Amino acid sequence: MLAEIADKTGGITFAKGFVAGGLHCGAKKDKLDLAIVKADSPCSAAAVFTTNRVKAAPVLVGMERLASGACQALVINSGHANACTGPEGIQAAREMAARCGRELGVPD
């Protein structure tokens, strides 16, 4: 339903070959707080990241994973910055990306 509505309004899935969805995973009390965007196949990707010296684990992992310039899926959380979490935060962010990829059938 989300992708169908977005296709008609010029949203994230307006371009053919993309699907998206949102769900409530518990980061926020009663709102959608996790989004996933997936392309049918790997595509060119670029991002602009913070210039802060202190970067949250998901930012560091995002920088690491997008260094190749290609991407097939994004997982985006809302409600938690996940900042200043140290090595455990990096591991959690990597696991979130890997698990999302496995669930979507996207190679790591």
Side-chain angles (χ1 to χ4, degrees):
M1 180 75 170
L2 178 63
E4 184 179 332
I5 292 168
D7 284 342
K8 294 178 183 175
T9 63
I12 190 103
T13 59
F14 185 73
K16 289 185 180 191
F18 290 86
V19 294
L23 59 99
H24 177 256
C25 71
K28 290 193 172 188
K29 188 173 179 177
D30 295 317
K31 296 180 179 182
L32 299 179
D33 50 16
L34 189 76
I36 296 175
V37 179
K38 181 182 182 262
D40 290 343
S41 60
C43 53
S44 296
V48 176
F49 294 99
T50 183
T51 57
N52 287 344
R53 289 174 48 201
V54 177
K55 295 172 180 67
V59 172
L60 294 170
V61 171
M63 293 171 77
E64 173 183 291
R65 295 183 71 89
L66 285 176
S68 71
C71 182
Q72 189 170 352
L74 301 172
V75 59
I76 307 151
N77 76 334
S78 173
H80 293 287
N82 299 324
C84 302
T85 54
E88 293 88 5
I90 295 288
Q91 183 58 36
R94 286 180 179 149
E95 179 55 32
M96 172 82 96
R99 185 169 181 183
C100 181
R102 283 192 306 272
E103 293 292 326
L104 296 172
V106 173
D108 195 17

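Since we're looking at a predicted model, the values are computed, not measured.
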Determine whether a donor-acceptor pair (N or O, by modelled atom type, separation under 3.5 Å) exists between the side chain of Q72 and the backbone of C43. no

Can you name the closest pair of heavy atoms from A56 and A83 and give their distance? CB-CA, 3.7 Å

For residues F18 and I12, report the shortest heavy-atom separation together with the two atoms involved. CB-O, 4.3 Å

Can L34 be reached from V106 by stepping across I, L, V, M, F, W or Y side chains whose heavy atoms are under 4.5 Å apart? yes

Using 0.5 Å steps for rounding, measure from the CG atom of L32 to the CG atom of L23. 7.5 Å

E95: partners by salt bridge (Lys or Arg N to Asp or Glu O under 4.0 Å), with sequence neighbours left out: R102

Of all the heavy-atom pairs spanning G89 and T85, show the shortest one and how long it is. CA-OG1, 3.0 Å

Distance-minimising heavy-atom pair for V61 and I90: CG2-O, 3.9 Å

Applying side chain to side chain donor-acceptor pair (under 3.5 Å), which residue pairs with at least one partner in residues 17-38 are found, sequence neighbours left out? K28-S78

Can you run down the salt bridge (Lys or Arg N to Asp or Glu O under 4.0 Å) pairs that involve residues 45-66, sequence neighbours left out, and say none if there aren't any? E64-R94, R65-D108

Could you grab the distance from atom CE of M96 to atom CG of N77, nearest 0.5 Å is fine? 5.5 Å

